Amino acid sequence: MAPALEDDEIDNNDYYSLLNVRREATQEELKGSYRRLCMLYHPDKHRDPELKRQAEQLFNLVLGLHVIYYHDFDLDPQLRAIYDIYGKRGLDVEGWEVVERKRTPVEIREEFERLQREREERRLQQRTNPKGMISVGVDATDLFDRYEEDYKDLPGGGFPHVEINKMHISQSIEAPLTTTDTAVLSGSLSTHNGNGGGNINLALRRVTSAKGWGEVEFGAGDSHGPLLGMKIFRNLTARCFVTAQCGLQFSSRGVRPGCTTVLARHLDKNTMGYLQWRWGTQSSMNTSIVRDTKTSHFTFAMQLGIPHSFMMMSYQYKFQDDEQTKVKGSIKSGFFGTVVEYGAERKISRHSVLGATVSVGVPQGVSLKIKLNRASQTYFFPIHLTDQLLPSAVFYATVGPLIFYLAIQRLIIRPYVRAQQEQDLEKHRESSASDIARKKQEAESAVLLMQESVRRIIETEESRMGLIILNAWYGKFVTDNSRRHERAKVIDVSVPLQCLVKDSKLILTEATKTGLPGFYDPCVGEEKSLKVLYQFRGVMHQVLSPDGEALRIPKQSHRIDADT
């Protein structure tokens, strides 16, 4: 007999569907379904050479699940969660260092999904880990603070004048030197009202131990002169760390020393407290509390210093949707005046986040800030609308971006995403064509091997006026106008379902039906349903059940009224 198939040939978590058991099934339920499939496909039950060969192939597939006999998942739930995610190979890993053994199966699955997401995000980054930012400041005050008498005699004076008055570009790359040493090269260019400059910095970072690291920084530029600095990070306890940074800035006015120290402590699972002291050209003392949970982010900060002293409070609410929508608001008040900000951000593609913030302050005026994060690149556009508190500026700054976003979402983003999904679906169909063909052949072989068992089940059910599956179809159901296309989207699963009938009951667990014996996927990537026409106690019943939902028949609600 051929050896059992490797776990690579059985999809992760697919054995639940193959065995037709709940994800929470007990060890006895798993073993019972396993024994039942072994008996159904055992080669010794068939004399015909062709049926015997097909039975042997399916029997070897079932043997790939033999691990459930050698591990008691009820006694060790972690083993079951590991097997659900990684298959048999996961049980062979000594020590299992990926997750803590004390975690529950649900936590193990969540940890695995988190690691998968992080791995995908890291793949976007090149080895040099580039990070960059482009900021373009726009002066649009002429839209609201326009003086017509100053422009009526000038050519083109009828149009508001909007200009770019400042720009900032920064970029950094990392170069791993050894396992503990990393070099970080960064540079920036800035211009404001025709005046600008740039600088370049080189930092050498060394990880000294599991508790800390140190960094030495060298810089040069035409605006501030050479820079020499040093930074140290150290974990004091499991819940407390400190960073210290000092530097010497050389310029035409002499040497300007500076020092910054930050002490941070975990106040609880979701709350951090910070205490910062800064000494130099702008000395200050700052304390803040940051609370970050799954649904919200709250910050409170207070600073006493020269020249700025202020108090700030901000709150952000996180919606639990696929677009990771967030709305936020903040108020900041100090010697410089008072500023109120509100805005929102939303994920517009797999790796892009778009945000807009309206800033209203005295004496700052009204500004609109638009930010786009694309992977490790940030594009920032601060638009200054007016120096005064004009209701019209606040209104257009709030409504304008919303209308623009909805238009772009409907006219550009959604069509693009839809086309991308269709393209990915087509690629998936092409790549899985051979696998679907193999599973189709296995399903057809399984149906042939079920014939004798189904005949006995039908005889038993008929004798007791029990459950008889008359017709069953699985796939995507379309309208009557497309009946020709419907044949290519559904498959007949009457025999496989009748084979699952036991004691005049058919119970399908909450999982996709593609893994059931005698089933395969007739329409990859599309929504599927199971339509069953059956007879119970001599009465016709019919049900249409979405794929992935549990199904239990017979039911009174499935009964077909004789008058209809």
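A quick note: this is a predicted structure, and the numbers were derived from the prediction, not measured.
The existence of a salt bridge linking K347 and E323 is excluded, since no basic side-chain nitrogen approaches an acidic carboxylate oxygen closer than 4.0 Å. Between K328 and E341 there is no salt bridge, since no side-chain N of the basic residue sits under 4.0 Å from a carboxylate O of the acidic one.
In plain terms, the two heavy atoms of P522 and G475 that are nearest each other are CG-CA, 3.8 Å. Counting all heavy atoms, side chain and backbone alike, K369 lies closest to S359 at CE-CB, 4.2 Å. Nearest heavy-atom pair across P496 and P517 is CB-O, 3.3 Å. Shown here for A397 and L368, the closest heavy-atom pair between the two residues is O-CD1, 3.7 Å. Of all the heavy atoms in L544 and S529, the pair that sits closest is CD1-CB, 3.8 Å.
Between Y315 and Y317, the ring center distance fails the sub-6.0 Å criterion.
Atom CG of N373 sits about 4.0 Å away from atom OG1 of T378, to the nearest 0.5 Å. Here NE2 of H266 is found 8.0 Å from CZ of R239. Values are rounded to the nearest 0.5 Å. The distance from the CD atom of E444 to the CD atom of Q441 is 7.5 Å, given to the nearest 0.5 Å. Atom CD in E442 sits 4.5 Å away from atom CZ in R438 (nearest 0.5 Å). With values rounded to the nearest 0.5 angstrom, L372 atom CG is found 6.0 Å from L354 atom CG. The structure places CE of M540 at 5.5 Å from CD1 of I560, a figure rounded to the nearest 0.5 Å.
With sequence neighbours excluded, no residue forms a ring-ring contact (aromatic ring centres under 6.0 Å, His included) with F404. A search for side-chain contact (heavy atoms from CB on, under 4.5 Å) contacts involving N471 returns W473, S494, L533, not counting sequence neighbours. For Q556, the side-chain contact (heavy atoms from CB on, under 4.5 Å) partners two or more places apart in sequence, or in a different chain, are R559. Taking the side-chain contact (heavy atoms from CB on, under 4.5 Å) definition, one finds that V454 meets it with M450, I458, V495, Q498, C499, sequence neighbours left out. Here F381 pairs with V136, I370, Y379 under the side-chain contact (heavy atoms from CB on, under 4.5 Å) rule; sequence neighbours left out.
Residues L530 and L497 form a side-chain contact, since some pair of their non-hydrogen atoms from C-beta on lies under 4.5 Å apart. Put simply, the side chain of T514 does not reach to within 4.5 Å of the side chain of Y520, judged on heavy atoms. Inter-residue side-chain proximity for T357 and Y342 is flagged as unmet; no heavy-atom pair is nearer than 4.5 Å. Within the 4.5 Å cutoff, no side-chain heavy atoms of K326 are placed close to those of R346. With a 4.5 Å cut-off on side-chain heavy atoms, S186 and Q171 do not count as touching. Residues I469 and V532 form a side-chain contact, since some pair of their non-hydrogen atoms from C-beta on lies under 4.5 Å apart. Counting heavy atoms from C-beta on, the side chains of M133 and I169 never come closer than 4.5 Å. No side-chain heavy atom of N270 sits less than 4.5 Å from a side-chain heavy atom of D292.
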Could you check L508 against R552 for side chain to side chain contact (heavy atoms under 4.5 Å, CB included), going step by step and ending with a plain yes or no? CA-CA 6 Å; L508 301 180; R552 183 184 182 95; over 6 Å; no
List the steps, then state whether side chain to side chain contact (heavy atoms under 4.5 Å, CB included) holds for T295 with Q320. CA-CA 7 Å; T295 59; Q320 303 303 304; 3.7 Å; yes
Tell me, with the steps shown, if Y534 and L470 meet side chain to side chain contact (heavy atoms under 4.5 Å, CB included). CA-CA 5 Å; Y534 63 94; L470 301 177; 5.5 Å; no
Which is it for R455 and E452 under the salt bridge (Lys or Arg N to Asp or Glu O under 4.0 Å) test, yes or no, and what are the steps along the way? CA-CA 5 Å; R455 184 185 62 81; E452 183 61 27; 2.3 Å; yes
Report the C-alpha separation of E462 and T460 in whole Å, then their side-chain angles, then the decisive distance to 0.1 Å, and conclude whether the side chain to side chain contact (heavy atoms under 4.5 Å, CB included) test is met. CA-CA 6 Å; E462 285 180 342; T460 302; over 6 Å; no
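Remark: the S296 side chain and the T293 side chain contain an N/O donor-acceptor pair separated by less than 3.5 Å. Side-chain polar atoms of Y474 and D492 form no donor-acceptor pair below 3.5 angstrom.
In this structure, E526 places its CD atom where more than 12 heavy-atom neighbours from other residues, nucleotides or ligands lie under 6.0 Å away. Heavy-atom neighbours of R464 CZ from other residues, nucleotides or ligands within 6.0 Å: above the threshold of 12. For D322, the CG atom sits in a loose shell: 12 or fewer heavy atoms of surrounding residues, nucleotides or ligands are nearer than 6.0 Å.
Under the 3.5 Å distance criterion, the side-chain polar atoms of S352 are left unmatched by any main-chain donor or acceptor of I348. Side-chain atoms of E461 come within 3.5 Å of backbone N or O of L467 as a donor-acceptor pair. Judged by distance alone, the side chain of T271 and the main-chain N or O of L267 form no donor-acceptor pair under 3.5 Å. T299 places no side-chain N or O within donor-acceptor distance of the main-chain N or O of V290, the cut-off being under 3.5 Å. At least one donor-acceptor pair under 3.5 Å links the side chain of D547 to the backbone N or O of K513.
Listed by first then second residue, pairs satisfying salt bridge (Lys or Arg N to Asp or Glu O under 4.0 Å) with a partner in residues 527-537 read D521-K528, not counting sequence neighbours.
For the pair K371 and F380, the distance from NZ or CZ to the six-membered ring centre is under 6.0 Å and the angle to the ring normal is within 45 degrees.
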